[in-house]
2 protein chains.
Amino acid sequence: MIGAIHETGAINNMQQKVHKLFANIVDARYPKPACSACDLRDLWCLPMGLKGQQSKQLDGIINRRKRVKRGEYLYRAGDPFRSLYALRTGFFKTFLSSESGQDLVTGFHMTGELLGLDAICNDSHCCNAIALEDSEICEIPYSELECLCREIPALQHQFHKIMSREIARDHNLMALLSCMHADERLAAFLINLSQRFQVRGYSPVQFHLRMTRGEIGSYLGLKLETVSRTLSKFQDEGLISVQHKLLILNDLPRLKQIVERNHSSGALCKS
Amino acid sequence: MIGAIHETGAINNMQQKVHKLFANIVDARYPKPACSACDLRDLWCLPMGLKGQQSKQLDGIINRRKRVKRGEYLYRAGDPFRSLYALRTGFFKTFLSSESGQDLVTGFHMTGELLGLDAICNDSHCCNAIALEDSEICEIPYSELECLCREIPALQHQFHKIMSREIARDHNLMALLSCMHADERLAAFLINLSQRFQVRGYSPVQFHLRMTRGEIGSYLGLKLETVSRTLSKFQDEGLISVQHKLLILNDLPRLKQIVERNHSSGALCKS
DNA sequence: CGAGTACTTGAACAGTGTCAAGCTTAGTGG
DNA sequence: CCACTAAGCTTGACACTGTTCAAGTACTCG
């Protein structure tokens, strides 16, 4: 427990630094977003690997930044597809909804990720995207992106990579859903979140869950009661500390063991 | 039962016609494959929507057709990524394998489908592809495809659509794995196969399963015993007739009811 | 501060998984 | 062509994980 508190202190420092960094960049970017000045370029977002001039071309097609408040939809299933959305700051969930009223969460999305890729095939969105916290997105008109991809090979390649990664990621999630137990799923989920926060400069061992237990359950193919019980179990075992939405990972290595014991590829923890 | 036999007769006729059709096309195509003359152009394969001249450009980059015998690998996880593969005839499964020796089937692939899309992000294949029957594929060097996409907007758009569809499809499969019972999963699986056979000109109500019960189970997140039991149950209820690998769907509407009762979107049966 | 939502926990139950045995089929080699 | 073998399949009995239903608690937001 004492160890946990020490760690937490270090984390707070780190988070403060990162927050400052982000704040600076946001200030510098007003009033128009600029891929060329965007901190997400290191994060597999579209501008990754582009040179100065090319980035500016990408800036040219990106519509003004849009704010999406917590609880608001970015798009709904059935909406006509015009644009992809790069998530600048915030947190989204995407979900399918069936007529019977059951929602199924297909993903949680963080800074730097691209939303709407599954809509290209239909010319309409086939899932819903809703902000789980106040967020900011860059709207990228798809037809213009296609044009630009024809001019800038590096952009084209990066775009293909992003789509491909989405496919590979889904396959890993399918693996999780097919053959993991509740505790393994949850451990994999926490490790995944941890890694994604870390890449973005946040603490990998302490973070706020933006989603409810029910949403986690929906994503992992479990009922919310099972999620709750499993979190409690992890806490009893000293692996984590949970206080409502605040999560501290006290023993990341042992958490990884839970996943790797039966699924040594570790593929399931990938972003 | 008598109804089933009548249906079967009709199906055999249909299948013969289709086989003939395919045979003609195959003959016409020797010794080099030609997208411009390929029957798969109606099937969401890459040449879909391309005009004559454009198709020929695509022909230009496609390497000679390759045969893959049943049981042979088309590629393995870890192989360097150079090409995508369009499946001309035959049947493949793709699967992840973990070090612990567990395989996990991520997809079954039929004529007209594109394999290897998940490898773009890593420059190496992250799953294995193995032929479940003697097959023929067109190898499409990826870097040349990217070049050509920059020249032919219609090809670029079609390629993006194919990737997007793969993502949307995976989301539907995740939905199946997250919230369906064994009988619903299997019903959805059979309907899916049925529709894919139908689109390809084969009977939607009678076909050979190319995969084992274990592979079906792996794909659907069930054990092979459960697959076997559920098939037996469906047979007892008169929904289907199974004889080893030969499958007859006697009551497609009722099969659909099983899926739609609890999951009315029906999304899960999509291609 | 109050109402509604989210969360935790318990107990009973159902659906799959596990283990085991026996059967069928396909493929191999004599 | 037949016999043999290995792989695939079916079925039963039982165990166990996760779900369901229910009750109570804690938080959040207006």
Side-chain angles (χ1 to χ4, degrees), chain A residues 69-72 93 101-105 130-134 176-189 208-237 240-247 258 261-263, chain B residues 69-72 93 101-105 130 132-134 176-187 189 208-237 240-247 258 261-263:
Chain A
K69 290 232 163 200
R70 177 175 167 197
E72 284 180 1
K93 72 166 176 178
Q102 275 187 41
D103 285 351
L104 186 117
V105 174
I130 210 170
L132 296 184
E133 63 179 48
D134 292 353
L176 175 145
L177 292 170
S178 283
C179 55
M180 282 187 154
H181 286 195
D183 54 347
E184 296 164 344
R185 292 182 196 197
L186 209 64
F189 175 70
H208 278 272
L209 297 173
R210 305 298 179 182
M211 67 297 278
T212 67
R213 306 288 191 264
E215 286 163 341
I216 296 174
S218 171
Y219 183 62
L220 297 178
L222 302 168
K223 296 295 156 190
L224 70 90
E225 292 94 333
T226 307
V227 173
S228 181
R229 263 186 258 276
T230 308
L231 285 177
S232 299
K233 197 188 86 180
F234 283 172
Q235 179 157 242
D236 292 346
E237 294 169 353
I240 64 172
S241 310
V242 253
Q243 281 179 49
H244 326 122
K245 303 257 176 176
L246 176 66
L247 200 80
I258 291 178
R261 184 168 15 254
N262 300 310
H263 313 274
Chain B
K69 293 230 162 200
R70 178 177 164 196
E72 283 179 2
K93 72 166 176 179
Q102 275 186 41
D103 284 352
L104 185 116
V105 175
I130 209 170
L132 295 184
E133 65 179 45
D134 293 353
L176 176 145
L177 292 170
S178 283
C179 55
M180 282 186 155
H181 286 194
D183 53 348
E184 297 165 342
R185 291 183 198 198
L186 210 65
F189 176 70
H208 278 272
L209 297 172
R210 306 298 178 180
M211 69 297 278
T212 67
R213 305 288 192 264
E215 286 163 341
I216 296 174
S218 172
Y219 183 62
L220 297 178
L222 302 169
K223 295 294 155 188
L224 71 91
E225 293 94 333
T226 307
V227 173
S228 181
R229 263 186 259 274
T230 308
L231 285 176
S232 300
K233 197 188 85 180
F234 283 172
Q235 178 156 243
D236 293 345
E237 294 169 353
I240 64 171
S241 309
V242 253
Q243 281 180 50
H244 326 123
K245 302 256 177 179
L246 177 65
L247 200 79
I258 291 178
R261 187 169 9 256
N262 301 309
H263 312 276

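Here is the naming used below: chain letters follow the sequence lines, and residue numbers restart at 1 for every chain.
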N/O donor-acceptor pairs under 3.5 Å from side chains in residues 223-235 of chain B, not counting sequence neighbours:
from, atom 1, to, atom 2, distance (Å)
B/T230, OG1, B/T226, O, 2.6
B/S232, OG, B/S228, O, 3.0
B/Q235, OE1, B/V242, N, 2.9

Base, sugar-phosphate, or nothing for A/R185, non-hydrogen atoms under 4.0 angstrom?
nothing

Please output the side-chain donor-acceptor pairs of residues 176-183 of chain A that fall under 3.5 Å, not counting sequence neighbours, one pair per line with the distance.
from, atom 1, to, atom 2, distance (Å)
A/S178, OG, A/M174, O, 3.1

Taking any atom closer than 4.0 angstrom to a non-hydrogen atom of chain B, what span of DNA chain C does the protein reach, first nucleotide to last?
C/dT16 to C/dG27

How do A/H181 and A/L231 order along DNA chain C: which one's closest nucleotide is nearer the 5' end?
A/L231

Drop me the distance from B/D134's CG to B/E72's CD, to the nearest 0.5 angstrom.
8.0 Å

Describe the nucleic acid contact of B/K245 in one word from base, sugar-phosphate, nothing, applying a heavy-atom distance below 4.0 Å.
sugar-phosphate

Can you give me the first and the last nucleotide of DNA chain D (5' to 3') that has an atom within less than 4.0 angstrom of a non-hydrogen atom in chain B?
D/dC9 to D/dA13

Residues that B/E133 engages under salt bridge (Lys or Arg N to Asp or Glu O under 4.0 Å), provided they are two or more places apart
B/R210

Contacts of B/Q102 meeting side-chain hydrogen bond (donor to acceptor under 3.5 Å, both in side chains) (sequence neighbours excluded), chain-then-number -> none

Residues passing the salt bridge (Lys or Arg N to Asp or Glu O under 4.0 Å) test with A/E215, sequence neighbours excluded, are A/K93

Of all of residues 217-227 of chain B, which get a heavy atom below 4.0 angstrom from DNA chain C, listed by number?
B/G221, B/L222, B/K223, B/E225, B/T226

Any side-chain heavy-atom pair of B/H244 and B/L209 under 4.5 Å
no

How bent is the helix from C/dC1-D/dG30 to C/dG30-D/dC1, comparing axes over its five end pairs at each side, to the nearest 10°?
60°

